[in-house]
Amino acid sequence: MHGTDESDRGESIRFGAVQCEMFAHTADIGLRVTAPEETSLLEGAARGMLWCIGDLIAAPGAELRTRRVELSAADRAELLRDWLAELLYFVDHDRVTLERIEFRELSPGRVRADWIVAPYDPEASRLRREIKAVTYHALRVEPTREGWCAEVIFDI
Amino acid sequence: MPGGGPIHVELERIDHCRWRIPRAYRPDMRVDGLVYADDVLIEAIRSDQSLVQVANVATLPGIVGHSLAMPDIHWGYGFCIGGVAATDPDVGGVISPGGVGYDINCGVRLIRTDLTEADVRPRLETLVNTLFATVPCGVGQGGRFKFKKPDLRRILTSGSRWVVERDLGDPEDVDVTEGGGRIDGADADAVSDRALERGEDQCGTLGSGNHFLEVQVIDEVFYPEAATVLGLQRGQVTVMIHSGSRGLGYQVCEDALKLLRGVPDRLGIRLPDRQLACAPVHSSEGRQYLAAMRAAANFAWTNRQIMTHLAREAFSKVFERSPNALGMRLIYDVAHNIAKIERHQVGGELRDVCVHRKGATRAFPPGHPEIPPAYREIGQPVLIPGDMGRASYVLVGQPGAMAQTFGSTCHGAGRRMSRSAAIKAARGRSIQRELADRGIIARARGRTGLEEEQPDAYKDVNDVTRVVEEAGLSRRVCRLRPIGVIKG
């Protein structure tokens, strides 16, 4: 995977068994996600991307909505990118944050899931930066001894 | 596995500001790479992976001349930021959305005023706060203007003129916008509903990242004759706006990259980076992307036009005079993420080539017919934002740009520090206070905007502009020192 020396490492956060870590890229931001299995890798990457954007706090009493997602791609890496790009569209356009994910099907090139989302409160949320897009550059999803590791670079 | 750090690329020195990546570096390179940098800048360039990206671009089918890199290059995705590549459509030349970027027609405009620093300094804090309240900026910030799809489609085909005709600007603004604020061949039907939806409330918004609005003072004039033609002089206050096509443009690029999936394999094009996905300019996919990209470019010019109107409103409120009475005239507006079909000399004959400028600015020389008549004798104005603590520049295009770089020059200072490193370097410091100590009032919406964009994160724009001048690509007219900054 990408250089893993200390100088490359940025902030990190854990979501249960999933580790998310920003890594250095000159103009943009890289996200490295390690997870024990593929579903938690996808969920962790989604949460990691939102963490890069900021602390998105659901509006008090906001009604939860369900977004059904069905994606097919040539390989795991492309599927992960499409998954994140789809979520980014909803975050940017609908201004929602992710409450939970219910997976319905996951295979190497296909995912079906429900995203349970809620509008975020722009006043209460602490936004750090806008992610313009999820790029294909240096995109990787690979098995590891502990599970899976993914790397993706966001255009900032 | 490639690392996040530098990858060694052997460079051949040509002269004090030019370096070659020979085709021998990689067997799939179709042309040499050519990098503009001096001894100082080349060391910064070697510290990331941008040189590999220059070599990667040299593999694109139909590329002519060189895979070019300006002195502000740094590691991007697909193309390096600061890259220029021209392809010849008549010999299978491709267009690559990665050579334009997600922020289609990200660009810069400069507005002059009749005010001096002495006029502005007593009300600077009020002015910056008013601009911050008036120009929407930051993540998830919608604008004051919302456009339904029929109007958006008009913007996509007509560009900034459409909003100027609705009292959001002066007719003269269009005359001094690159291409008249519009590029021919835009097709709103090539833009997806998703892209239109993302654009509905984002026209007239700054965004975040490196986008900004700055109040500046001209602190040095290098080329007085050109400054006079432009209406600029030492001590004068200016306003610079840096933004692009917002969510609409990002979605157009996203859609295009999906559209192009499978095209390189189908045509036997081997790509060193998925982000370089491409299609022949003359293919249906290539034509569709060009039409959508042009529509997004028109949206971006309109976006900057509306922010110009908002900035004029803010100045008018603070100084209690009309924008006209304040002399708030647009100097120029340039794109620095775009692909255009332009006529250039290739191998001794004039060819219509597709010039990709990814973090690079058009810099046509004096006399070029695409320069507004008022500026034609001095060359096309080139606006180079530096960083929020140091300076920005106005330059004009020079004949060397046509001879060497398909009429292109640099677009900014170029990052030298990653965002993570910049945040680490800012720990325990207040960038806002440090800027205030230097007489610069800064306001930012995002939590880490000022840290990530701090002056130390950038190369020295003085070095970058000196190199493009010495290389004969563009000539410095004046330097602009920031005194007020708003960021997303």
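Residue numbering restarts at 1 for every chain, and letters A, B, ... go by the order of the sequence lines. Here the structure is a predicted model, which is why all the values come from computation and not from measurement.
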S.K.: Could you check, using the six-membered ring where one of them is a Trp, whether W83(A) and F103(A) have ring centers closer than 6.0 angstrom?
M.R.: yes
S.K.: Taking the six-membered ring for Trp, are H336(B) and H242(B) ring centroids under 6.0 Å apart?
M.R.: yes
S.K.: Could you check whether R261(B) and Y136(A), counting side-chain N and O atoms only, form a donor-acceptor pair closer than 3.5 Å?
M.R.: yes
S.K.: Where on Q251(B) is there a heavy atom nearer than 4.5 Å to chain A: the side chain, the backbone, both, or neither?
M.R.: side chain
S.K.: For R128(A), is it the side chain, the backbone, both, or neither that has a heavy atom closer than 4.5 Å to a heavy atom of chain B?
M.R.: both
S.K.: Does any backbone or side-chain atom of L276(B) lie under 4.5 Å from a heavy atom of chain A? Answer side chain, backbone, both or neither.
M.R.: neither
S.K.: Is it the backbone or the side chain of V91(A) that comes under 4.5 Å from a heavy atom of chain B, or both, or neither?
M.R.: neither
S.K.: Show your reasoning for whether side-chain hydrogen bond (donor to acceptor under 3.5 Å, both in side chains) applies to D28(A) and Y77(B).
M.R.: CA-CA 9 Å; D28(A) 301 308; Y77(B) 47 87; 5.9 Å; no
S.K.: Pick whichever of I53(A), I156(A), V134(A) has the most heavy-atom pairs under 4.5 Å with chain B.
M.R.: I156(A)
S.K.: Taking M49(A) as the fixed residue, which of V33(A), I29(A), L87(A) is the one that meets the side chain to side chain contact (heavy atoms under 4.5 Å, CB included) rule?
M.R.: L87(A)
S.K.: Flag the one option from E452(B), R194(B), R445(B) with the top tally of heavy-atom pairs under 4.5 Å to chain A.
M.R.: R194(B)
